[in-house]
Amino acid sequence: YGDNTFRPENSISRAEFITLLSRVYNWNTYWYYSTDTITFKDSNTFGNFSNVIHYATQRGYIYGYSDGTFKPSNPISYTEVETIMNRILPYGNYRWSNTAADMLYEKQVRSNSFNNLNNKITRAEVVYMLYNISE
């Protein structure tokens, strides 16, 4: 955030999530924009996320919505995160429920995903997930 705070309890947006993935997996997105890329009706809202969005959508890691938009600032759900991680990870059998169980056991923090996988994932949960996957 602009005030240099992390706010771990806040949800994370679609664009922020794939930006974190790009950093963890060292995606070379700096040059990534061409006339062949998928265009979205709301591409004027991408700002600094433009290259990473085009990179991730071109590789099929994440898709836009049926109305032709990407909605980069929409909060991302546990279901969406699970789907994206299955597209990125080589073994393709990632389950958020395993991460949520580990988090409960190791950190005594109950994920909001136990109520519904369509709930929005928090920034702290994403960091925990990425740390565990990288270990």
Side-chain angles (χ1 to χ4, degrees):
Y1 291 101
D3 61 357
N4 293 323
T5 58
F6 177 59
R7 300 183 189 163
E9 71 286 348
N10 287 7
S11 58
I12 190 167
S13 74
R14 290 164 49 87
E16 290 169 331
F17 179 70
I18 59 172
T19 298
L20 283 178
L21 291 178
S22 76
R23 292 176 182 165
V24 168
Y25 294 107
N26 297 312
W27 297 346
N28 184 5
T29 63
Y30 298 107
W31 57 270
Y32 209 85
Y33 188 85
S34 73
T35 55
D36 299 336
T37 57
I38 300 165
T39 16
F40 295 100
K41 292 178 185 176
D42 59 346
S43 61
N44 62 328
T45 66
F46 293 1
N48 292 334
F49 298 114
S50 185
N51 286 2
V52 74
I53 290 170
H54 289 291
Y55 182 96
T57 55
Q58 278 289 49
R59 283 174 170 64
Y61 298 152
I62 189 170
Y63 297 104
Y65 294 101
S66 59
D67 65 356
T69 61
F70 185 81
K71 299 179 183 169
S73 55
N74 272 12
I76 195 164
S77 72
Y78 298 99
T79 301
E80 290 173 294
V81 166
E82 184 175 87
T83 300
I84 292 165
M85 296 312 295
N86 276 312
R87 292 175 182 151
I88 290 173
L89 294 172
Y91 49 87
N93 63 354
Y94 175 80
R95 297 290 170 260
W96 170 258
S97 59
N98 295 337
T99 301
D102 290 344
M103 196 168 61
L104 183 59
Y105 178 75
E106 292 175 11
K107 303 295 181 189
Q108 290 76 47
V109 174
R110 188 176 194 277
S111 172
N112 205 18
S113 65
F114 286 115
N115 299 332
N116 187 338
L117 284 175
N118 289 320
N119 286 337
K120 306 310 178 198
I121 194 169
T122 67
R123 299 165 72 84
E125 289 173 317
V126 168
V127 170
Y128 179 84
M129 175 195 72
L130 292 173
Y131 176 79
N132 279 354
I133 289 172
S134 298
E135 283 296 300

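When reading the values below, keep in mind they use all heavy atoms of this one structure, side chains included, and skip hydrogens, waters and symmetry mates. Sequential numbering from 1 along the given sequence is applied to the chain's residues.
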A.B. asks: If you look only at pairs with a residue in residues 104-128, which of them pass as a ring pair (Phe, Tyr, Trp, His ring centres under 6.0 Å), with sequence neighbours excluded?
C.D. replies: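 For residues 104-128: none.
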A.B. asks: I'd like to check the side chain to side chain contact (heavy atoms under 4.5 Å, CB included) partners of Asn26; sequence neighbours left out, ordered by chain and number.
C.D. replies: none
A.B. asks: If you round to the nearest 0.5 Å, how far is CD1 of Ile121 from CD1 of Ile76?
C.D. replies: 8.0 Å
A.B. asks: First locate atom CG of Asn112, then atom CG of Leu117, and finally report the distance between them rounded to the nearest 0.5 Å.
C.D. replies: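 It is 10.5 Å, given to the nearest 0.5 Å.
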A.B. asks: Quick check: do Val81 and Glu125 have side-chain heavy atoms less than 4.5 Å from each other?
C.D. replies: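 No. Closest side-chain heavy atoms not under 4.5 Å.
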A.B. asks: Side-chain heavy atoms nearer than 4.5 Å, only ILVMFWY residues, links allowed to pass through others: does that put Ile133 and Leu104 together?
C.D. replies: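 Different hydrophobic clusters.
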A.B. asks: Where the side chain of Thr57 meets the backbone of His54, is there a donor-acceptor pair that is under 3.5 Å apart?
C.D. replies: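 Pair found, side chain donor or acceptor close to backbone of His54.
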A.B. asks: If every non-hydrogen atom of Val24 is compared with every non-hydrogen atom of Ser134, which pair is closest and at what distance?
C.D. replies: CG1-OG, 3.8 Å
A.B. asks: Grab the two heavy atoms, one from Ser22 and one from Val52, that are nearest each other, plus how far apart they are.
C.D. replies: CB-CG2, 3.6 Å
A.B. asks: May I ask you to decide if Thr69's main-chain N or O and Asp42's side chain share a donor-acceptor pair within less than 3.5 Å?
C.D. replies: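 Answer holds: no.
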A.B. asks: Just wondering, do Tyr78 and Ser111 contact through their side chains at under 4.5 Å, heavy atoms?
C.D. replies: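 Yes, their side chains come closer than 4.5 Å.
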A.B. asks: Are side-chain N/O atoms of Asn116 and Asn119 paired as donor and acceptor at under 3.5 Å?
C.D. replies: no
A.B. asks: Can you sort out the partners of Ile88 under side chain to side chain contact (heavy atoms under 4.5 Å, CB included), two or more places apart, ordered by chain and number?
C.D. replies: Leu21, Tyr25, Trp27, Tyr61, Ile84
A.B. asks: Return the minimal non-hydrogen interatomic distance between Gly60 and Arg87, and the atom names on each side.
C.D. replies: O-CD, 3.0 Å
A.B. asks: For residues Thr45 and Phe70, determine if any side-chain heavy atom of one lies less than 4.5 Å from a side-chain heavy atom of the other.
C.D. replies: no
A.B. asks: Inspect the surroundings of CG in Asn44 and state if more than 12 heavy atoms from other residues, nucleotides or ligands are less than 6.0 Å away.
C.D. replies: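 Atom CG in Asn44 is packed in, count exceeds 12.
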A.B. asks: Write out all pairs satisfying salt bridge (Lys or Arg N to Asp or Glu O under 4.0 Å) with one or both partners inside residues 62-83, taking only residues at least two apart or from two chains.
C.D. replies: Arg14-Glu80, Asp67-Lys71
A.B. asks: Should Leu20 and Ile12 count as side-chain neighbours, where that means a heavy-atom distance under 4.5 Å?
C.D. replies: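 Side chain of Leu20 against side chain of Ile12, heavy atoms only: contact under 4.5 Å found.
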A.B. asks: Considering residues at least two apart in sequence or located in another chain, which fulfil the side chain to side chain contact (heavy atoms under 4.5 Å, CB included) criterion with Val127?
C.D. replies: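 So Val127 forms a side chain to side chain contact (heavy atoms under 4.5 Å, CB included) with Phe6.
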A.B. asks: Is the CZ atom of Arg110 crowded by more than 12 outside heavy atoms at less than 6.0 Å?
C.D. replies: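 Yes, the 6.0 Å shell around CZ holds more than 12 heavy atoms from other groups.
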A.B. asks: Can you list every side-chain hydrogen bond (donor to acceptor under 3.5 Å, both in side chains) pair that touches residues 90-99, not counting sequence neighbours?
C.D. replies: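 Every side-chain hydrogen bond (donor to acceptor under 3.5 Å, both in side chains) pair that includes a residue of residues 90-99, provided the two are not neighbours, is Tyr94-Thr99, Trp96-Ser113.
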A.B. asks: Does a side-chain heavy-atom distance below 4.5 Å link Met129 with Asp102?
C.D. replies: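 Side chain of Met129 against side chain of Asp102, heavy atoms only: no contact under 4.5 Å found.
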A.B. asks: How long is the span from the CD1 atom in Ile62 to the OG1 atom in Thr83, to the nearest 0.5 Å?
C.D. replies: 10.0 Å
A.B. asks: Quick check: do Tyr65 and Asn74 have side-chain heavy atoms less than 4.5 Å from each other?
C.D. replies: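 Contact flag for Tyr65/Asn74 side chains = yes.
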A.B. asks: Without swapping roles, check the side chain of Ser50 against the backbone of Phe46 for a donor-acceptor pair under 3.5 Å.
C.D. replies: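 No, because the side chain of Ser50 does not come within donor-acceptor range (under 3.5 Å) of the backbone of Phe46.
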